[in-house]
Undergrad: 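Provided herewith is a single structure, encoded as structure tokens, for subsequent inquiry.
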There are 2 protein chains.
Amino acid sequence: MTDKQKASEAARERLRAVGLRPTRQRLALAKLLFAGPHRHVSAEQLHGEALRKKVRVSLATVYNTLHQFTEAGILRELVIDPGRSYFDTNVTHHHHFFFEGSTRLRDIPGEGVEVKRLPAAPEGTEVARVDVIIRLKDSPKRRKRSS
Amino acid sequence: MTDKQKASEAARERLRAVGLRPTRQRLALAKLLFAGPHRHVSAEQLHGEALRKKVRVSLATVYNTLHQFTEAGILRELVIDPGRSYFDTNVTHHHHFFFEGSTRLRDIPGEGVEVKRLPAAPEGTEVARVDVIIRLKDSPKRRKRSS
DNA sequence: CAACTAATTTAGAATTATTCTAAAAAATAT
DNA sequence: ATATTTTTTAGAATAATTCTAAATTAGTTG
């Protein structure tokens with residue numbers, strides 16, 4: 001079996017596993033998202049990528065699909081940057097570096113940060129998730145003392 | 001001196017301290033934000049509140065002012081909810097509870113969470129800030145076993 | 001397979017939050 | 001006061017996202 005076929009099979013199986021019909025669009029998007037290393041994408045990005053690969057899919061469907069995948073637990077939505085959401089194909093426990101002023105995002109493995117002394121969730125609620133975002137800025141290159 | 005006068009004085013002094021001209025709009029918004037306990041507001045919320053108190057100010061000015069206050073370090077911008085930003089009058093070290101599906105946000109005192117084993121910032125960058133968001137969901141009232 | 005039903009996709013309009021623009025108003029300096 | 005600079009503003013513009021209703025497609029069922 002070719003790699004392409006394997007990726008198709010995997011995508012189809014992934015959809016089946018979460019109970020989503022394997023439509024042409026969902027299969028194509030699943031392949032873009034899950035064949036290869038983990039990634040962070042915005043809806044616009046994924047849509048552009050699909051079009052470039054000649055996958056005909058509307059932006060509305062990309063949004064629908066990203067949300068369905070998120071509900072199904074095979075994507076995780078990240079709210080980090082005002083004005084846009086990112087979706088992370090890595091749904092295991094981990095946190096993020098975010099490069100302020102850019103669009104870049106990098107995973108920190110789950111073991112790489114430890115959150116201690118979590119306060120109890122308020123009455124009537126429970127913890128759905130804990131997000132840690134380490135916001136980075138460029139470090140000043142200090143060649144000479146500033147005036 | 002009346003409380004009102006004291007609040008005006010405090011607002012004026014706050015602006016002076018960060019080098020922003022004490023215009024009518026900025027003074028009014030500073031009073032709304034800083035007279036009283038700490039709070040989390042969106043631009044729309046603050047604008048609505050100002051109008052209700054008969055402070056004539058445009059939404060554009062509210063946005064400008066929130067950003068100026070943030071740059072000046074007297075507000076902190078929170079990106080938590082896709083599609084809108086909140087501004088926090090508490091700029092000391094602390095983290096947040098967020099009630100998913102709502103718009104509610106609550107401070108966790110800085111000492112209430114401890115982040116350990118922070119990985120080093122990637123080459124050429126430094127940590128600007130660490131945000132911890134504890135996302136909450138309603139806990140199911142389990143009166144009877146679910147089917 | 002043919003006909004049917006339900007789910008999905010889509011184009012485009014609509015909505016929402018936010019930013020931009022250029023002109024008028026207000027604050028400070030001279 | 002007058003001049004200069006900053007700020008405010010209405011309204012247009014932009015950007016991300018959601019909605020809508022119609023057309024298409026997937027999964028049955030006879």
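The analysis underlying the following values was restricted to heavy atoms, covering all of them including side chains, and did not include hydrogens, waters or symmetry mates. Only a predicted model underlies this, so the values are computations on that prediction, with no experimental measurement involved.
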Undergrad: Quickly work out the Leu15(B) CG to dT6(D) C1' distance and round it to whole Å.
TA: 14 Å
Undergrad: Side chain of Arg21(B), heavy atoms from C-beta onward: which of dA16(D), dT7(D), dT9(D) has the nearest atom to it?
TA: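 So the nucleotide nearest the side chain must be dT7(D).
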Undergrad: Heavy atoms only, 4.0 Å cut-off, all strands: where does His47(B) land among base, sugar-phosphate and nothing?
TA: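 Nothing, no heavy atom under 4.0 Å.
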Undergrad: May I have the distance from Leu20(B) (atom CG) to dT7(D) (atom P), rounded to whole angstrom?
TA: 7 Å
Undergrad: Keeping Thr65(A) on the side-chain end and Thr61(A) on the backbone end, is there a donor-acceptor pair under 3.5 Å?
TA: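 Pair found, side chain donor or acceptor close to backbone of Thr61(A).
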Undergrad: Please report, rounded to the nearest Å, how far the P atom of dT18(D) is from the CZ atom of Arg84(A).
TA: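 After rounding, the reported distance stands at 14 Å.
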Undergrad: Over how many whole Å does the gap from Gln25(A) atom CD to dT25(D) atom P extend?
TA: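 Taking atom P of dT25(D) as the reference, CD of Gln25(A) is at 9 Å.
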Undergrad: Does Arg24(B) or Tyr86(B) map to a spot on DNA chain C nearer the 5' end, using the closest nucleotide for each?
TA: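 Checking each residue's closest nucleotide, the 5'-ward one belongs to Tyr86(B).
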Undergrad: Take atom CD of Glu71(B) and atom P of dT7(D), then tell me their distance rounded to the nearest Å.
TA: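 Checked: the CD to P distance equals 12 Å.
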Undergrad: Distance under 4.0 Å to a non-hydrogen atom of chain B counts as contact; along DNA chain C, which nucleotides mark the start and end?
TA: dA17(C) to dT28(C)
Undergrad: Please tell me if Thr61(B) has a side-chain N or O lying less than 4.0 Å from either OP1 or OP2 of dT8(D).
TA: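 No, because none of the side-chain N or O atoms of Thr61(B) sits under 4.0 Å from OP1 or OP2 of dT8(D).
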Undergrad: Centre of Phe34(B)'s six-membered ring, under 6.0 Å away, within 45 degrees of the axis: is that where NZ or CZ of Arg14(B) sits?
TA: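 Relative to the ring axis of Phe34(B), which defines the angle, Arg14(B) lies inside both limits.
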Undergrad: Want to settle it: does Tyr63(A) or Ala60(B) sit nearer the 5' end of DNA chain D, counting the closest nucleotide to each?
TA: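 Looking at DNA chain D, the more 5' nearest nucleotide goes with Ala60(B).
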Undergrad: Determine whether His67(B) and Phe87(B) satisfy the following criterion, ring-ring contact (aromatic ring centres under 6.0 Å, His included), listing intermediate values before the conclusion.
TA: CA-CA 9 Å; His67(B) 287 134; Phe87(B) 294 85; 5.8 Å; yes
Undergrad: It should be established whether Ser42(A) places a side-chain nitrogen or oxygen under 4.0 Å from OP1 or OP2 of nucleotide dA16(D).
TA: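 No, outside the criterion.
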Undergrad: Would you check if the side chain of Gln45(A) reaches a backbone N or O of Ser42(A) as a donor-acceptor pair within less than 3.5 Å?
TA: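 Checked: pair present.
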Undergrad: Quick one: Glu44(A) CD to dT18(D) P, roughly how many Å, whole number?
TA: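 From Glu44(A) CD to dT18(D) P: 12 Å.
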Undergrad: Would the distance check show the side chain of Arg39(B) and the main-chain N or O of Leu33(B) forming a donor-acceptor pair, the cut-off being under 3.5 Å?
TA: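 Not at all, since once roles are kept as given, no pair shorter than 3.5 Å links the two residues.
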Undergrad: Nearest whole angstrom, please: distance from the P of dT17(D) to the CG of Leu46(A).
TA: 12 Å
Undergrad: Between Arg135(B) (side chain only) and Ile80(B) (backbone N and O only), is there a donor and an acceptor less than 3.5 Å apart?
TA: yes
Undergrad: Give Pro22(A) one of three labels, base, sugar-phosphate or nothing, depending on what nucleic acid heavy atoms sit under 4.0 Å from its own.
TA: sugar-phosphate
Undergrad: Among Leu46(A), Leu15(A), Val55(A), Asn64(A), which one satisfies side chain to side chain contact (heavy atoms under 4.5 Å, CB included) with Leu29(A)?
TA: Leu46(A)
Undergrad: Whole Å only: how far is the CZ atom of Arg26(A) from the C1' atom of dG27(D)?
TA: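 Going from CZ in Arg26(A) over to C1' in dG27(D) covers 13 Å.
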